[in-house]
Visitor: 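My questions will all concern the structure given below.
All values below come from the heavy atoms of this structure, side chains included, with hydrogens, waters and symmetry mates left out. Proteins come first, then strands; the chains are lettered A, B, ... in the order of their sequence lines, and each starts at number 1.
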Number of protein chains: 2
Amino acid sequence: MDLKDRDADASRRIRTAAVLLFARRGYAATSVRDLAREVGMTNAGVYHHVASKEALLADLMRGAQQGLIDATEHMLRDVHAPADRLALLISSLTATHALSPMTTRVMDGELRSLTPGSPARDEIIALRDAYEEHWRRAIADGVADGSFRIADQRLTRLALMSMCTGTSEWYRPDGDSTLEQVCAEFVAIGLAAVRSSVRAAAAPDPSLLPEFPWEPPHVRNDPSSAEAGR
Amino acid sequence: MDLKDRDADASRRIRTAAVLLFARRGYAATSVRDLAREVGMTNAGVYHHVASKEALLADLMRGAQQGLIDATEHMLRDVHAPADRLALLISSLTATHALSPMTTRVMDGELRSLTPGSPARDEIIALRDAYEEHWRRAIADGVADGSFRIADQRLTRLALMSMCTGTSEWYRPDGDSTLEQVCAEFVAIGLAAVRSSVRAAAAPDPSLLPEFPWEPPHVRNDPSSAEAGR
DNA sequence: GTCTATAGGCAGATAGAC
DNA sequence: GTCTATCTGCCTATAGAC
(Lines give C-alpha, C1' and ligand atoms only; values in the text may rest on other atoms or scores of the structure.)
Protein backbone atom coordinates (compact mmCIF):
# COMPACT_ATOMS: atom_id res chain seq x y z
CA MET A 1 0.00 0.00 0.00
CA ASP A 2 1.63 3.24 -1.10
CA LEU A 3 1.24 6.63 0.50
CA LYS A 4 -1.80 7.64 -1.52
CA ASP A 5 -3.62 4.46 -0.53
CA ARG A 6 -2.81 4.98 3.12
CA ASP A 7 -4.23 8.48 2.90
CA ALA A 8 -7.39 7.25 1.20
CA ASP A 9 -7.71 4.54 3.81
CA ALA A 10 -7.49 7.03 6.67
CA SER A 11 -10.11 9.16 5.00
CA ARG A 12 -12.42 6.19 4.61
CA ARG A 13 -11.94 5.09 8.21
CA ILE A 14 -12.78 8.58 9.41
CA ARG A 15 -16.00 8.54 7.41
CA THR A 16 -16.94 5.11 8.72
CA ALA A 17 -16.44 6.24 12.29
CA ALA A 18 -18.29 9.48 11.57
CA VAL A 19 -21.38 7.85 10.11
CA LEU A 20 -21.50 5.39 13.00
CA LEU A 21 -21.21 8.05 15.69
CA PHE A 22 -23.46 10.55 13.93
CA ALA A 23 -26.14 7.88 13.54
CA ARG A 24 -25.92 6.64 17.13
CA ARG A 25 -25.41 9.81 19.15
CA GLY A 26 -26.37 12.45 16.62
CA TYR A 27 -24.08 14.96 14.90
CA ALA A 28 -24.31 17.58 17.64
CA ALA A 29 -23.46 15.10 20.38
CA THR A 30 -20.38 13.80 18.54
CA SER A 31 -17.09 15.67 18.95
CA VAL A 32 -14.18 15.61 16.55
CA ARG A 33 -12.19 14.14 19.44
CA ASP A 34 -14.67 11.21 19.67
CA LEU A 35 -14.15 10.66 15.97
CA ALA A 36 -10.37 10.82 16.29
CA ARG A 37 -10.31 8.36 19.19
CA GLU A 38 -12.37 5.89 17.12
CA VAL A 39 -9.76 5.85 14.34
CA GLY A 40 -6.70 6.12 16.58
CA MET A 41 -5.67 9.71 15.97
CA THR A 42 -5.65 12.97 17.81
CA ASN A 43 -8.24 15.57 16.88
CA ALA A 44 -5.65 17.58 14.93
CA GLY A 45 -4.97 14.55 12.77
CA VAL A 46 -8.57 14.42 11.62
CA TYR A 47 -8.31 17.95 10.27
CA HIS A 48 -5.75 16.80 7.74
CA HIS A 49 -8.55 14.80 6.09
CA VAL A 50 -11.63 16.98 6.54
CA ALA A 51 -12.12 20.72 6.18
CA SER A 52 -14.52 20.94 9.10
CA LYS A 53 -16.94 18.80 11.07
CA GLU A 54 -19.87 20.25 9.13
CA ALA A 55 -18.19 19.68 5.75
CA LEU A 56 -17.71 16.05 6.77
CA LEU A 57 -21.42 15.72 7.53
CA ALA A 58 -22.35 17.38 4.26
CA ASP A 59 -20.07 15.01 2.33
CA LEU A 60 -21.69 11.98 3.93
CA MET A 61 -25.20 13.23 3.28
CA ARG A 62 -24.49 14.24 -0.30
CA GLY A 63 -22.90 10.90 -1.00
CA ALA A 64 -25.80 9.03 0.53
CA GLN A 65 -28.46 10.94 -1.41
CA GLN A 66 -26.52 10.74 -4.63
CA GLY A 67 -25.90 7.02 -4.21
CA LEU A 68 -29.58 6.41 -3.62
CA ILE A 69 -30.54 8.43 -6.69
CA ASP A 70 -28.01 6.72 -8.90
CA ALA A 71 -29.01 3.23 -7.83
CA THR A 72 -32.70 4.05 -8.18
CA GLU A 73 -32.40 5.52 -11.66
CA HIS A 74 -30.28 2.60 -12.76
CA MET A 75 -32.84 0.07 -11.54
CA LEU A 76 -35.78 1.98 -13.02
CA ARG A 77 -34.25 2.14 -16.50
CA ASP A 78 -36.06 -0.80 -18.05
CA VAL A 79 -39.12 -0.88 -15.83
CA HIS A 80 -42.15 0.88 -17.25
CA ALA A 81 -45.43 -0.24 -15.69
CA PRO A 82 -46.31 2.11 -12.79
CA ALA A 83 -47.00 -0.80 -10.43
CA ASP A 84 -43.60 -2.30 -11.22
CA ARG A 85 -41.90 1.05 -10.80
CA LEU A 86 -43.59 1.64 -7.46
CA ALA A 87 -42.70 -1.87 -6.29
CA LEU A 88 -39.10 -1.20 -7.21
CA LEU A 89 -39.06 2.16 -5.41
CA ILE A 90 -40.45 0.51 -2.27
CA SER A 91 -38.10 -2.44 -2.26
CA SER A 92 -34.99 -0.41 -3.08
CA LEU A 93 -35.66 2.28 -0.49
CA THR A 94 -36.43 -0.39 2.11
CA ALA A 95 -33.39 -2.46 1.26
CA THR A 96 -31.09 0.58 1.28
CA HIS A 97 -32.32 1.49 4.75
CA ALA A 98 -31.92 -2.11 5.91
CA LEU A 99 -28.43 -2.54 4.53
CA SER A 100 -27.04 0.92 5.27
CA PRO A 101 -28.89 1.90 8.43
CA MET A 102 -26.25 4.26 9.78
CA THR A 103 -25.83 6.17 6.55
CA THR A 104 -29.54 6.44 5.96
CA ARG A 105 -30.24 7.56 9.53
CA VAL A 106 -27.78 10.39 9.04
CA MET A 107 -29.20 11.14 5.59
CA ASP A 108 -32.77 11.21 6.87
CA GLY A 109 -32.25 12.90 10.20
CA GLU A 110 -29.35 15.33 10.18
CA LEU A 111 -30.48 17.91 7.67
CA ARG A 112 -31.19 20.22 10.57
CA SER A 113 -27.52 20.16 11.52
CA LEU A 114 -26.41 21.85 8.30
CA THR A 115 -26.22 25.64 8.44
CA PRO A 116 -29.44 27.13 7.01
CA GLY A 117 -28.79 28.77 3.66
CA SER A 118 -25.42 27.13 3.14
CA PRO A 119 -24.70 25.88 -0.40
CA ALA A 120 -24.13 22.33 0.88
CA ARG A 121 -27.50 22.23 2.59
CA ASP A 122 -29.33 23.61 -0.43
CA GLU A 123 -27.61 21.10 -2.67
CA ILE A 124 -28.63 18.17 -0.46
CA ILE A 125 -32.22 19.40 -0.30
CA ALA A 126 -32.25 19.54 -4.09
CA LEU A 127 -31.00 15.95 -4.26
CA ARG A 128 -33.67 14.81 -1.82
CA ASP A 129 -36.34 16.56 -3.88
CA ALA A 130 -35.02 14.97 -7.07
CA TYR A 131 -35.30 11.55 -5.45
CA GLU A 132 -38.84 12.16 -4.24
CA GLU A 133 -39.83 13.21 -7.73
CA HIS A 134 -39.42 9.59 -8.83
CA TRP A 135 -42.05 8.58 -6.29
CA ARG A 136 -44.35 11.40 -7.30
CA ARG A 137 -44.17 10.45 -10.95
CA ALA A 138 -44.62 6.71 -10.41
CA ILE A 139 -47.78 7.34 -8.40
CA ALA A 140 -49.13 9.98 -10.76
CA ASP A 141 -48.53 7.72 -13.77
CA GLY A 142 -50.35 4.85 -12.11
CA VAL A 143 -53.33 7.06 -11.41
CA ALA A 144 -53.27 8.47 -14.94
CA ASP A 145 -53.32 5.08 -16.65
CA GLY A 146 -55.95 3.70 -14.29
CA SER A 147 -53.81 1.07 -12.60
CA PHE A 148 -53.94 2.85 -9.21
CA ARG A 149 -57.01 3.98 -7.32
CA ILE A 150 -55.89 6.49 -4.67
CA ALA A 151 -57.75 9.15 -2.70
CA ASP A 152 -54.71 11.40 -2.17
CA GLN A 153 -51.43 10.84 -4.02
CA ARG A 154 -49.35 12.91 -1.62
CA LEU A 155 -50.62 11.10 1.47
CA THR A 156 -50.02 7.74 -0.12
CA ARG A 157 -46.48 8.70 -1.05
CA LEU A 158 -45.65 10.06 2.42
CA ALA A 159 -47.14 6.99 4.11
CA LEU A 160 -45.17 4.55 1.98
CA MET A 161 -41.91 6.47 2.18
CA SER A 162 -42.11 6.64 5.98
CA MET A 163 -42.74 2.92 6.06
CA CYS A 164 -39.60 2.29 4.01
CA THR A 165 -37.27 4.72 5.82
CA GLY A 166 -38.39 3.44 9.22
CA THR A 167 -36.61 0.19 8.38
CA SER A 168 -33.24 1.66 9.42
CA GLU A 169 -34.53 1.91 13.01
CA TRP A 170 -35.32 -1.76 13.60
CA TYR A 171 -33.88 -4.04 10.88
CA ARG A 172 -31.06 -6.37 11.93
CA PRO A 173 -29.37 -8.72 9.45
CA ASP A 174 -29.42 -11.51 12.05
CA GLY A 175 -32.97 -10.75 13.19
CA ASP A 176 -36.32 -12.46 12.73
CA SER A 177 -36.92 -11.39 9.12
CA THR A 178 -34.78 -11.70 6.03
CA LEU A 179 -34.33 -8.74 3.72
CA GLU A 180 -36.38 -10.58 1.11
CA GLN A 181 -39.27 -11.03 3.52
CA VAL A 182 -39.23 -7.37 4.49
CA CYS A 183 -39.20 -6.17 0.90
CA ALA A 184 -41.92 -8.61 -0.16
CA GLU A 185 -44.13 -7.59 2.74
CA PHE A 186 -43.62 -3.86 2.17
CA VAL A 187 -44.23 -4.13 -1.56
CA ALA A 188 -47.42 -6.04 -0.83
CA ILE A 189 -48.57 -3.31 1.55
CA GLY A 190 -47.67 -0.62 -0.96
CA LEU A 191 -49.50 -2.25 -3.82
CA ALA A 192 -52.51 -2.88 -1.64
CA ALA A 193 -52.44 0.79 -0.67
CA VAL A 194 -52.59 2.07 -4.24
CA ARG A 195 -55.27 -0.36 -5.37
CA SER A 196 -57.64 0.03 -2.45
CA SER A 197 -60.64 2.29 -2.67
CA VAL A 198 -61.17 4.63 0.27
CA ARG A 199 -62.99 3.12 3.19
CA ALA A 200 -65.09 5.05 5.65
CA ALA A 201 -62.98 5.77 8.70
CA ALA A 202 -63.42 8.69 11.03
CA ALA A 203 -60.58 10.50 12.75
CA PRO A 204 -60.68 10.26 16.54
CA ASP A 205 -62.34 12.94 18.59
CA PRO A 206 -59.47 15.41 19.29
CA SER A 207 -60.68 15.86 22.86
CA LEU A 208 -59.89 12.20 23.49
CA LEU A 209 -56.26 12.60 22.38
CA PRO A 210 -53.54 13.48 24.86
CA GLU A 211 -52.86 17.19 25.24
CA PHE A 212 -49.42 18.29 26.34
CA PRO A 213 -49.31 21.59 28.19
CA TRP A 214 -45.89 22.36 26.76
CA GLU A 215 -46.69 21.63 23.11
CA PRO A 216 -46.07 24.92 21.21
CA PRO A 217 -48.62 26.28 18.73
CA HIS A 218 -48.08 25.50 15.08
CA VAL A 219 -45.87 27.97 13.28
CA ARG A 220 -46.37 28.78 9.62
CA ASN A 221 -43.48 28.31 7.24
CA ASP A 222 -41.38 26.78 9.97
CA PRO A 223 -37.91 27.76 8.75
CA SER A 224 -36.19 25.06 10.79
CA SER A 225 -37.93 22.20 9.07
CA ALA A 226 -36.92 21.42 5.53
CA GLU A 227 -39.49 18.62 5.58
CA ALA A 228 -42.36 21.11 5.48
CA GLY A 229 -44.85 20.81 2.68
CA ARG A 230 -43.07 18.36 0.46
CA MET B 1 -52.45 35.39 39.32
CA ASP B 2 -50.81 34.51 42.63
CA LEU B 3 -47.26 33.41 43.16
CA LYS B 4 -47.91 29.72 42.73
CA ASP B 5 -49.58 30.32 39.37
CA ARG B 6 -46.73 32.46 38.19
CA ASP B 7 -44.32 29.70 39.09
CA ALA B 8 -46.40 27.11 37.32
CA ASP B 9 -46.63 29.37 34.30
CA ALA B 10 -42.87 29.83 34.13
CA SER B 11 -42.42 26.09 34.36
CA ARG B 12 -44.88 25.53 31.54
CA ARG B 13 -43.26 28.18 29.33
CA ILE B 14 -39.88 26.56 29.86
CA ARG B 15 -41.27 23.19 28.78
CA THR B 16 -42.91 24.71 25.71
CA ALA B 17 -39.67 26.34 24.67
CA ALA B 18 -37.77 23.14 25.43
CA VAL B 19 -39.95 20.88 23.32
CA LEU B 20 -39.81 23.34 20.42
CA LEU B 21 -36.05 23.70 20.48
CA PHE B 22 -35.37 20.01 21.20
CA ALA B 23 -37.60 19.05 18.26
CA ARG B 24 -36.08 21.56 15.83
CA ARG B 25 -32.40 21.51 16.67
CA GLY B 26 -32.17 18.35 18.72
CA TYR B 27 -31.47 18.03 22.44
CA ALA B 28 -27.68 18.07 22.13
CA ALA B 29 -27.67 21.18 19.95
CA THR B 30 -29.88 23.13 22.37
CA SER B 31 -28.23 24.92 25.29
CA VAL B 32 -29.89 25.91 28.53
CA ARG B 33 -29.06 29.50 27.53
CA ASP B 34 -31.06 29.09 24.28
CA LEU B 35 -33.97 27.92 26.39
CA ALA B 36 -33.61 30.77 28.86
CA ARG B 37 -33.48 33.36 26.10
CA GLU B 38 -36.69 31.95 24.60
CA VAL B 39 -38.59 32.49 27.88
CA GLY B 40 -36.88 35.75 28.86
CA MET B 41 -34.61 34.57 31.66
CA THR B 42 -30.94 33.99 32.25
CA ASN B 43 -29.67 30.46 32.30
CA ALA B 44 -29.50 30.46 36.12
CA GLY B 45 -33.19 31.29 36.26
CA VAL B 46 -34.07 28.11 34.39
CA TYR B 47 -32.37 26.01 37.06
CA HIS B 48 -34.93 27.19 39.59
CA HIS B 49 -37.54 25.22 37.62
CA VAL B 50 -35.65 22.17 36.38
CA ALA B 51 -33.15 19.92 38.14
CA SER B 52 -31.01 19.50 35.02
CA LYS B 53 -31.25 19.67 31.26
CA GLU B 54 -31.47 15.88 31.08
CA ALA B 55 -34.19 15.70 33.77
CA LEU B 56 -36.17 18.20 31.71
CA LEU B 57 -35.89 15.99 28.63
CA ALA B 58 -36.87 12.91 30.63
CA ASP B 59 -39.93 14.71 32.01
CA LEU B 60 -41.09 15.71 28.54
CA MET B 61 -40.60 12.21 27.15
CA ARG B 62 -42.25 10.48 30.08
CA GLY B 63 -45.22 12.84 29.86
CA ALA B 64 -45.55 12.28 26.14
CA GLN B 65 -45.44 8.50 26.36
CA GLN B 66 -47.76 8.40 29.34
CA GLY B 67 -50.25 10.76 27.66
CA LEU B 68 -50.28 8.61 24.55
CA ILE B 69 -50.86 5.46 26.58
CA ASP B 70 -53.62 7.00 28.65
CA ALA B 71 -55.48 8.37 25.63
CA THR B 72 -55.09 5.10 23.75
CA GLU B 73 -56.36 2.90 26.57
CA HIS B 74 -59.27 5.24 27.15
CA MET B 75 -60.30 5.12 23.49
CA LEU B 76 -59.88 1.35 23.26
CA ARG B 77 -62.12 0.65 26.27
CA ASP B 78 -65.34 -0.11 24.41
CA VAL B 79 -63.88 -1.24 21.10
CA HIS B 80 -63.51 -4.98 20.71
CA ALA B 81 -63.29 -6.12 17.09
CA PRO B 82 -59.59 -6.38 16.11
CA ALA B 83 -60.13 -4.39 12.90
CA ASP B 84 -61.80 -1.60 14.86
CA ARG B 85 -59.05 -1.63 17.47
CA LEU B 86 -56.34 -1.50 14.80
CA ALA B 87 -58.15 1.33 13.02
CA LEU B 88 -58.29 3.23 16.29
CA LEU B 89 -54.60 2.64 17.01
CA ILE B 90 -53.70 3.92 13.55
CA SER B 91 -55.87 7.00 13.63
CA SER B 92 -54.94 7.98 17.19
CA LEU B 93 -51.20 7.56 16.69
CA THR B 94 -51.42 9.49 13.42
CA ALA B 95 -53.51 12.26 14.89
CA THR B 96 -51.28 12.59 17.94
CA HIS B 97 -48.25 13.00 15.68
CA ALA B 98 -50.13 15.49 13.52
CA LEU B 99 -51.39 17.58 16.40
CA SER B 100 -48.34 17.41 18.66
CA PRO B 101 -45.47 17.17 16.19
CA MET B 102 -42.83 18.74 18.42
CA THR B 103 -43.60 16.58 21.43
CA THR B 104 -43.79 13.41 19.37
CA ARG B 105 -40.56 14.17 17.53
CA VAL B 106 -38.80 14.46 20.87
CA MET B 107 -40.58 11.35 22.16
CA ASP B 108 -39.64 9.31 19.09
CA GLY B 109 -36.14 10.60 18.48
CA GLU B 110 -34.37 11.63 21.66
CA LEU B 111 -34.16 8.36 23.54
CA ARG B 112 -30.50 8.23 22.63
CA SER B 113 -29.92 11.46 24.58
CA LEU B 114 -30.84 9.91 27.92
CA THR B 115 -27.94 8.40 29.86
CA PRO B 116 -27.80 4.63 29.22
CA GLY B 117 -28.86 2.69 32.29
CA SER B 118 -30.42 5.67 34.04
CA PRO B 119 -33.75 5.00 35.81
CA ALA B 120 -35.50 7.67 33.75
CA ARG B 121 -34.42 6.07 30.49
CA ASP B 122 -35.43 2.59 31.60
CA GLU B 123 -38.80 3.88 32.70
CA ILE B 124 -39.46 5.57 29.35
CA ILE B 125 -38.43 2.44 27.46
CA ALA B 126 -40.89 0.46 29.58
CA LEU B 127 -43.65 2.94 28.71
CA ARG B 128 -42.85 2.68 25.03
CA ASP B 129 -42.95 -1.11 25.21
CA ALA B 130 -46.28 -1.01 27.03
CA TYR B 131 -47.71 1.16 24.25
CA GLU B 132 -46.43 -1.14 21.53
CA GLU B 133 -48.01 -4.09 23.28
CA HIS B 134 -51.42 -2.70 22.34
CA TRP B 135 -50.45 -2.92 18.68
CA ARG B 136 -49.04 -6.38 19.09
CA ARG B 137 -52.22 -7.65 20.73
CA ALA B 138 -54.60 -6.04 18.24
CA ILE B 139 -52.77 -7.63 15.34
CA ALA B 140 -52.39 -11.01 17.03
CA ASP B 141 -56.10 -11.04 17.94
CA GLY B 142 -57.09 -10.28 14.36
CA VAL B 143 -54.96 -13.13 13.09
CA ALA B 144 -56.32 -15.47 15.76
CA ASP B 145 -59.96 -14.83 14.94
CA GLY B 146 -59.37 -14.97 11.19
CA SER B 147 -60.19 -11.36 10.39
CA PHE B 148 -56.60 -10.57 9.36
CA ARG B 149 -54.47 -12.40 6.83
CA ILE B 150 -50.84 -11.40 7.40
CA ALA B 151 -47.53 -12.98 6.42
CA ASP B 152 -45.52 -11.48 9.31
CA GLN B 153 -47.19 -9.74 12.25
CA ARG B 154 -44.06 -7.93 13.39
CA LEU B 155 -43.29 -6.51 9.95
CA THR B 156 -46.85 -5.34 9.53
CA ARG B 157 -46.80 -3.61 12.90
CA LEU B 158 -43.46 -1.90 12.26
CA ALA B 159 -44.57 -0.75 8.81
CA LEU B 160 -47.83 0.75 10.07
CA MET B 161 -46.28 2.38 13.12
CA SER B 162 -43.59 4.04 11.00
CA MET B 163 -46.28 5.32 8.66
CA CYS B 164 -48.14 6.90 11.59
CA THR B 165 -45.13 8.40 13.39
CA GLY B 166 -43.79 9.86 10.15
CA THR B 167 -46.75 12.23 10.17
CA SER B 168 -44.98 14.57 12.62
CA GLU B 169 -42.39 15.31 9.93
CA TRP B 170 -44.68 16.67 7.25
CA TYR B 171 -48.20 17.41 8.54
CA ARG B 172 -49.23 21.07 8.71
CA PRO B 173 -52.64 22.15 10.00
CA ASP B 174 -52.94 24.68 7.18
CA GLY B 175 -51.62 22.29 4.54
CA ASP B 176 -53.17 20.35 1.69
CA SER B 177 -54.80 17.62 3.78
CA THR B 178 -57.13 17.79 6.76
CA LEU B 179 -56.51 15.64 9.78
CA GLU B 180 -59.62 13.64 8.90
CA GLN B 181 -58.32 12.92 5.41
CA VAL B 182 -54.96 11.78 6.74
CA CYS B 183 -56.50 9.46 9.33
CA ALA B 184 -59.00 8.04 6.84
CA GLU B 185 -56.28 7.37 4.28
CA PHE B 186 -53.91 5.79 6.78
CA VAL B 187 -56.63 3.59 8.27
CA ALA B 188 -57.53 2.47 4.77
CA ILE B 189 -53.91 1.58 4.07
CA GLY B 190 -53.61 -0.24 7.40
CA LEU B 191 -56.75 -2.29 6.90
CA ALA B 192 -55.71 -3.13 3.36
CA ALA B 193 -52.34 -4.25 4.72
CA VAL B 194 -53.81 -6.73 7.20
CA ARG B 195 -56.36 -8.17 4.78
CA SER B 196 -54.08 -8.67 1.79
CA SER B 197 -52.57 -12.02 1.06
CA VAL B 198 -48.87 -12.00 0.26
CA ARG B 199 -48.04 -11.18 -3.32
CA ALA B 200 -44.96 -12.36 -5.11
CA ALA B 201 -42.38 -9.59 -4.96
CA ALA B 202 -38.66 -10.06 -5.06
CA ALA B 203 -36.17 -7.93 -3.16
CA PRO B 204 -33.78 -6.02 -5.41
CA ASP B 205 -30.40 -7.46 -6.29
CA PRO B 206 -28.12 -6.10 -3.51
CA SER B 207 -25.36 -5.46 -6.01
CA LEU B 208 -27.61 -2.87 -7.66
CA LEU B 209 -28.08 -0.92 -4.43
CA PRO B 210 -25.77 1.94 -3.52
CA GLU B 211 -22.78 0.95 -1.43
CA PHE B 212 -21.23 3.54 0.86
CA PRO B 213 -17.54 3.04 1.55
CA TRP B 214 -17.94 4.52 5.00
CA GLU B 215 -20.93 2.41 6.09
CA PRO B 216 -19.77 0.45 9.18
CA PRO B 217 -20.39 -3.28 9.51
CA HIS B 218 -23.42 -4.36 11.46
CA VAL B 219 -22.82 -4.81 15.16
CA ARG B 220 -24.66 -7.45 17.14
CA ASN B 221 -26.68 -6.38 20.14
CA ASP B 222 -25.92 -2.74 19.41
CA PRO B 223 -26.15 -1.30 22.92
CA SER B 224 -26.68 2.23 21.67
CA SER B 225 -29.97 1.48 19.95
CA ALA B 226 -32.96 0.86 22.17
CA GLU B 227 -35.00 0.31 19.00
CA ALA B 228 -33.28 -2.99 18.33
CA GLY B 229 -35.39 -6.06 18.04
CA ARG B 230 -38.69 -4.76 19.27
C1' DG C 1 -37.77 33.84 41.68
C1' DT C 2 -34.41 35.97 39.12
C1' DC C 3 -30.14 38.03 38.92
C1' DT C 4 -24.54 38.46 38.39
C1' DA C 5 -20.51 36.05 38.56
C1' DT C 6 -17.91 32.18 38.11
C1' DA C 7 -16.17 27.39 38.51
C1' DG C 8 -14.53 23.64 35.76
C1' DG C 9 -14.61 21.45 31.58
C1' DC C 10 -14.94 20.44 26.69
C1' DA C 11 -15.90 22.23 22.10
C1' DG C 12 -13.96 23.38 17.01
C1' DA C 13 -10.13 24.72 14.92
C1' DT C 14 -5.10 26.19 14.08
C1' DA C 15 0.26 26.66 14.51
C1' DG C 16 4.26 24.61 14.03
C1' DA C 17 7.55 20.62 15.26
C1' DC C 18 8.99 16.24 13.26
C1' DG D 1 0.46 12.67 7.95
C1' DT D 2 0.35 12.83 12.66
C1' DC D 3 1.80 14.88 16.69
C1' DT D 4 1.78 18.42 21.04
C1' DA D 5 0.24 22.60 22.52
C1' DT D 6 -2.85 26.14 22.49
C1' DC D 7 -6.39 29.80 21.27
C1' DT D 8 -10.99 31.23 21.93
C1' DG D 9 -15.39 30.47 23.18
C1' DC D 10 -19.46 28.10 24.86
C1' DC D 11 -21.19 24.47 27.83
C1' DT D 12 -23.76 22.72 32.43
C1' DA D 13 -24.32 23.85 36.79
C1' DT D 14 -23.74 26.36 41.25
C1' DA D 15 -22.97 30.23 44.84
C1' DG D 16 -24.71 33.93 46.80
C1' DA D 17 -26.78 38.81 46.39
C1' DC D 18 -31.31 41.01 46.27
Visitor: Rounded to whole angstroms, how far apart are CZ on A:R37 and C1' on C:dA11?
Guide: 13 Å

Visitor: State, without any angle test, whether B:R121 and B:T115 hold a side-chain donor-acceptor pair at a distance under 3.5 Å.
Guide: no

Visitor: Whole-Å distance between C:dC10 P and A:L35 CG?
Guide: 18 Å

Visitor: What is the per-nucleotide protein-contact pattern of nucleotides 13-18 of chain C, from the 5' end, where B denotes a base atom under 4.0 Å from a protein heavy atom, S denotes such proximity for sugar-phosphate atoms only, and - denotes neither?
Guide: BBB---

Visitor: Can you tell me the distance, in whole Å, between the CD1 atom of A:I14 and the C1' atom of C:dG12?
Guide: 15 Å

Visitor: Take atom CE of A:M41 and atom C1' of D:dC3, then tell me their distance rounded to the nearest Å.
Guide: 11 Å

Visitor: Do NZ/NE/NH1/NH2 and the carboxylate oxygens of A:E132 and A:R157 come within less than 4.0 Å?
Guide: yes

Visitor: Would you mind telling me which of A:L93, A:L127, A:T103 makes a side chain to side chain contact (heavy atoms under 4.5 Å, CB included) with A:L68?
Guide: A:L93

Visitor: After noting the C-alpha distance and the side-chain angles of B:D108 and B:H97, does the key distance pass the side chain to side chain contact (heavy atoms under 4.5 Å, CB included) rule?
Guide: CA-CA 10 Å; B:D108 295 338; B:H97 279 74; 2.6 Å; yes

Visitor: How many Å lie between CG on B:L56 and P on D:dA13, as a whole number?
Guide: 10 Å

Visitor: Do the side-chain N or O atoms of B:H48 get closer than 4.0 angstrom to the phosphate oxygens (OP1, OP2) of D:dT14?
Guide: no

Visitor: Can a side chain N or O of B:T42 be found less than 4.0 Å away from OP1 or OP2 on C:dC3?
Guide: yes

Visitor: Please check if the side chain of B:T104 supplies one atom and the backbone of B:M107 the other of a donor-acceptor pair under 3.5 Å.
Guide: no

Visitor: Counting the atoms with a prime plus P, OP1 and OP2 as sugar-phosphate, which does A:S31 contact under 4.0 Å by heavy atoms, base, sugar-phosphate, or nothing?
Guide: sugar-phosphate

Visitor: Tell me the interatomic distance from A:R25, atom CZ, to C:dC10, atom P, rounded to whole angstroms.
Guide: 14 Å

Visitor: Side chains of A:Q153 and A:T156 only: does a donor on one sit below 3.5 Å from an acceptor on the other?
Guide: no

